[in-house]
Enquirer: 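Take this structure first; my questions come after.
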Amino acid sequence: MLYSWLSRTKKRNLELGGHVGFDSLPDQLVSKSVAQGFCFNILCVGETGIGKSTLMNTLFNTTFENEEASHYQSEVQLRPQTYDLQESNVNLKLTTVHTVGFGDQINKEESYKPILEYIDAQFERFLEEELKIKRSLFNCHDTRIHICLYFIAPTGHSLKSLDLVTMKKLDSKVNIIPIIAKADTVSKSELDKLKIKIMSELVSNGVQIYQFPTEDEAVAEINTSMNTHLPFAVIGSVEEIKVGNKMVKARLYPWGSVQVENENHCDFVKLREMLLRVNMEDLREQTHTRHYELYRRCKLEEMGFKDTGLDSHSFSLQETYEAKRKEFLVDLQRKEDEMRQMFVNKVKETEAELKEKEKELHERFEQLKRMHQEEKKNLEEKRRELEEEMNAFNRRRVAAETLMGQALQGCSQQPFKKDKDKKKESGNATK
Ligand code: GTP
Ligand code: MG
């Protein structure tokens, strides 16, 4: 109601009678921002040893922590490091994130994934903070990646398929600035050809790289001209040599030297100007308004939130939440019913299986019982036969013993008679 009343109210221009003070608003903003400090997060994507750490050291004129990667990583990893830097009275919380082991695996199909996941994880972290009831977006450390420096190897005639695939996967998530690393290792004419080839390949493959903004008049000219110099061919070094009476960063070779900050030698200065001096705020803004916004929209749509319903009427957050909650409860109920039905079916199945098993066991038991009875009968039969045999044997034995007894008796009477006869015969002889 209030909103429609306000939208119907006409705006009128009024003259101020004198200075009231709100023209200091930009200064208030500046001092507030300076007091708060700034965050800037750089992602360096490039194969092992391509010069990522050296370039970061050269860009910020300092020495960051550096741990050399081995070429034997089984998968790509991301190494974030955060530093507090100060220039004049401006505090910068800088996070550098380096890919470790990028391009070292035999199968490079999945190399982009950890990078994508890292970028999404930072968006998710910010979204979670935004959706909190008690949120503290101003003092939370914003780790969203503002710029991806994509290091292209100077060797070869054009981009590798790994470069194309990775940049294509990342271009809707992050601002990409492609750079040709170790530009001192290619001749000027080769470098010019390589730059043209890279740009035409990026265009033909539909890879969206970051374009320096040309809307703001103050930077339109320089940014328009810099857009034509992409990809920047850079050299990194923290070594210093004396040129005239000045110490300059350079790389020394047996045949001479190449100066990092000499625009005739490489595009390092262009990169530093564009990245840090002219477009740092635009990179932060693009990250928030374009890349994060896209992530947030997709995520909220995934969660069921939308701005308009089917009838094109605008939804309130409350209505959307209620609708989503109802949908969720219906879904939950459906799942619960399904689970219950599944459980009942499972119980029935198990019951039937158990009954079947019981029947089988019962049959087996009956069969065994029958077998046992059969066996018992057979054994009884055998026992009876054996007993009969035993009885018959005993009878025969008794008969035999009786016979033997009689025979023995007969034998013992006969020698006695013989003795009597002998005595009678010997008496007769003496006579
Ligand atoms: P990892 O972190 O191990 O993946 O390596 P990196 O990409 O950080 O490379 P680093 O900066 O450690 O440099 C690797 C080697 O390349 C070092 O010997 C550097 O001196 C050399 N190097 C770095 N930048 C350049 C450059 O612009 N030109 C030439 N010729 N060599 C460079
Ligand atoms: Mg390194």
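Whatever order the structure lists them in is the order used to number ligands and atoms, beginning at 1.
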Enquirer: What do you reckon, does H98 put a non-hydrogen atom under 4.0 Å from ligand 1?
Expert: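 So H98 does not count as touching ligand 1.
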Enquirer: So, 4.0 Å and heavy atoms of Y253: is ligand 1 close enough to count as a contact?
Expert: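 Y253 counts as a contact of ligand 1 under the 4.0 Å cut-off.
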Enquirer: Counting backbone and side-chain atoms alike, is an N, O or S atom of T54 positioned under 2.8 Å from the Mg ion (ligand 2)?
Expert: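 So T54 does not bind the Mg ion (ligand 2) by this criterion.
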Enquirer: Would you mind telling me if ligand 1 is within reach of the side chain of D184, the backbone, both or neither, using heavy atoms under 4.0 Å?
Expert: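 The side chain, only.
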Enquirer: Give the residue and atom name of whichever protein heavy atom lies nearest to atom 20 (O) of ligand 1, and the separation in Å to one decimal.
Expert: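 It is R251 NH2, 3.3 Å.
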Enquirer: When the ring planes of F123 and Y295 are compared, do they come out parallel, tilted or perpendicular, using 30° and 60° as the limits?
Expert: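 If you compare the ring of F123 with that of Y295, the planes turn out tilted.
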Enquirer: Can a non-hydrogen atom of G46 be found less than 4.0 Å from any atom of ligand 1?
Expert: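 Per 4.0 Å heavy-atom rule, G46 does not contact ligand 1.
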Enquirer: Check whether Y292 forms a cation-pi arrangement with R144 (NZ or CZ under 6.0 Å from the six-membered ring centre, at most 45° off the ring normal).
Expert: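 Here R144 passes the 6.0 Å and 45° test against Y292.
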Enquirer: Any idea which atoms of ligand 1 are less than 4.0 Å away from a heavy-atom of T48?
Expert: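 Within the 4.0 Å cut-off of T48, ligand 1 contributes 3 (O), 4 (O).
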Enquirer: May I ask you to test the C44-M56 pair for a side-chain heavy-atom distance under 4.5 Å?
Expert: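 The answer is yes, as the side chains (C-beta and beyond) meet within the 4.5 Å cut-off.
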Enquirer: Given the side-chain rings of F40 and F38, with only the six-membered ring counted for Trp, is the space between their centroids under 6.0 Å?
Expert: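 No; F38 has its ring centre 6.0 Å or more from that of F40.
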Enquirer: With under 30° as parallel and over 60° as perpendicular, where do the rings of Y253 and W255 fit, or are they tilted in between?
Expert: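 Parallel, since the angle between the ring planes stays under 30°.
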